[in-house]
*Asks:* 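Below you will find the structure I want to go over with you.
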Amino acid sequence: MNEVATIYVKKTHSEHIIMGDIRNEVAEGNSNIANCLTRWAAKVPSLAPFWHSQHVNLLAICLQYRSRTLFCTFSAADLHWPILHNLIEQQRALASGIPAPDYSVLSAGESAARHHFNLCNYPHIVASFLHERFKLFRKTVVAGQRSWKVEEEWW
């Protein structure tokens, strides 16, 4: 909410508004401020409203052209690939001789920081992992569905 509130303050040029004022207006059901926050949040990448607006735009394009298309996005940026991070930690352990950490004893913040470090510093492992996962997806889901009659694919 802090990022959205900052955007609201910048957009309205009302530097005297503080976070408490925005919370109070939202709690009171002021729909004007809620609509402004939602509209501006849709322009901030990584927030849920942004991805919702992208989803709606993509569906509109597909419906306009009456295209029977499957769009699928794979990403390691969200830190939710435990197999990938275990693989990276094993590679780090082999290279450095230091044993891989036990994620079960790390706090959520320490674990997220470690995952972020892995993604930034081992992009070659991430790219290879994602490529293999996508090939597996194509083999088991796309090619495995004979009823889909895939005519063309791009990846």
Side-chain angles (χ1 to χ4, degrees), residues 1-89 103 106-155:
M1 179 129 174
N2 286 338
E3 292 174 9
V4 177
T6 302
I7 291 169
Y8 178 77
V9 170
K10 286 180 183 174
K11 291 286 186 180
T12 60
H13 303 291
S14 302
E15 297 298 329
H16 64 279
I17 292 178
I18 59 172
M19 191 68 174
D21 295 339
I22 294 173
R23 283 193 181 111
N24 290 339
E25 292 208 28
V26 170
E28 292 171 3
N30 183 343
S31 63
N32 290 338
I33 195 167
N35 290 339
C36 291
L37 292 174
T38 302
R39 263 196 318 272
W40 290 317
K43 297 177 183 173
V44 179
S46 81
L47 294 180
F50 173 82
W51 291 113
H52 177 71
S53 70
Q54 297 299 310
H55 170 80
V56 169
N57 290 340
L58 185 58
L59 285 178
I61 291 168
C62 291
L63 291 174
Q64 179 181 1
Y65 294 109
R66 300 180 192 272
S67 172
R68 294 183 302 175
T69 305
L70 170 69
F71 290 95
C72 191
T73 304
F74 287 81
S75 172
D78 58 9
L79 309 177
H80 297 292
W81 290 83
I83 297 169
L84 168 62
H85 294 288
N86 287 335
L87 175 65
I88 291 173
E89 293 297 345
Y103 278 100
L106 296 177
S107 70
E110 291 170 330
S111 179
R114 190 77 173 203
H115 289 170
H116 185 268
F117 177 84
N118 288 344
L119 293 177
C120 292
N121 292 297
Y122 297 91
H124 56 290
I125 296 175
V126 175
S128 179
F129 177 83
L130 232 44
H131 181 76
E132 290 301 317
R133 292 295 292 230
F134 187 74
K135 286 191 332 189
L136 180 64
F137 171 79
R138 283 181 56 240
K139 180 181 176 184
T140 56
V141 176
V142 178
Q145 295 292 330
R146 288 181 172 71
S147 63
W148 285 2
K149 299 178 185 169
V150 176
E151 296 172 8
E152 182 180 350
E153 64 179 290
W154 178 85
W155 63 287

*Asks:* What distance separates Leu84 CG from Arg133 CZ, expressed to the nearest 0.5 Å?
*Replies:*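 Leu84 CG to Arg133 CZ: 9.5 Å, rounded to 0.5 Å.
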
*Asks:* Between Val126 and Ile88, does a side-chain contact (heavy atoms from CB on, under 4.5 Å) hold up when you go through it step by step?
*Replies:* CA-CA 8 Å; Val126 175; Ile88 291 173; 4.0 Å; yes

*Asks:* Just verifying a value: how many Å separate His52 NE2 and Asn57 CG, rounded to the nearest 0.5 Å?
*Replies:*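 Here the interatomic distance stands at 9.5 Å.
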
*Asks:* Can you tell me if Leu136 has over 12 outside heavy atoms packed within less than 6.0 Å of its CG?
*Replies:*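 Buried by this count: over 12 neighbours within 6.0 Å.
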
*Asks:* Considering only residues two or more places apart or on different chains, which pairs with a residue in residues 121-132 satisfy salt bridge (Lys or Arg N to Asp or Glu O under 4.0 Å)?
*Replies:*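 Counting only pairs at least two positions apart or across chains, the salt bridge (Lys or Arg N to Asp or Glu O under 4.0 Å) contacts touching residues 121-132 are Glu132-Lys135.
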
*Asks:* Can you run down the salt bridge (Lys or Arg N to Asp or Glu O under 4.0 Å) pairs that involve residues 109-123, sequence neighbours left out, and say none if there aren't any?
*Replies:*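 Every pair satisfying salt bridge (Lys or Arg N to Asp or Glu O under 4.0 Å) with a residue in residues 109-123: Glu89-Arg114.
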
*Asks:* Say you draw a straight line from CZ of Phe129 to CD1 of Ile83; how long is it, rounded to the nearest 0.5 Å?
*Replies:*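 Interatomic distance, Phe129 CZ to Ile83 CD1, rounded to 0.5 Å: 5.5 Å.
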
*Asks:* Can you say whether the rings of His115 and His85 are parallel (under 30°), tilted (30 to 60°) or perpendicular (over 60°)?
*Replies:*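 Parallel, since the angle between the ring planes stays under 30°.
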
*Asks:* Is there a donor-acceptor contact under 3.5 Å from the side chain of Ser128 to the main chain of Ile125?
*Replies:*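 Checked: no pair found.
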
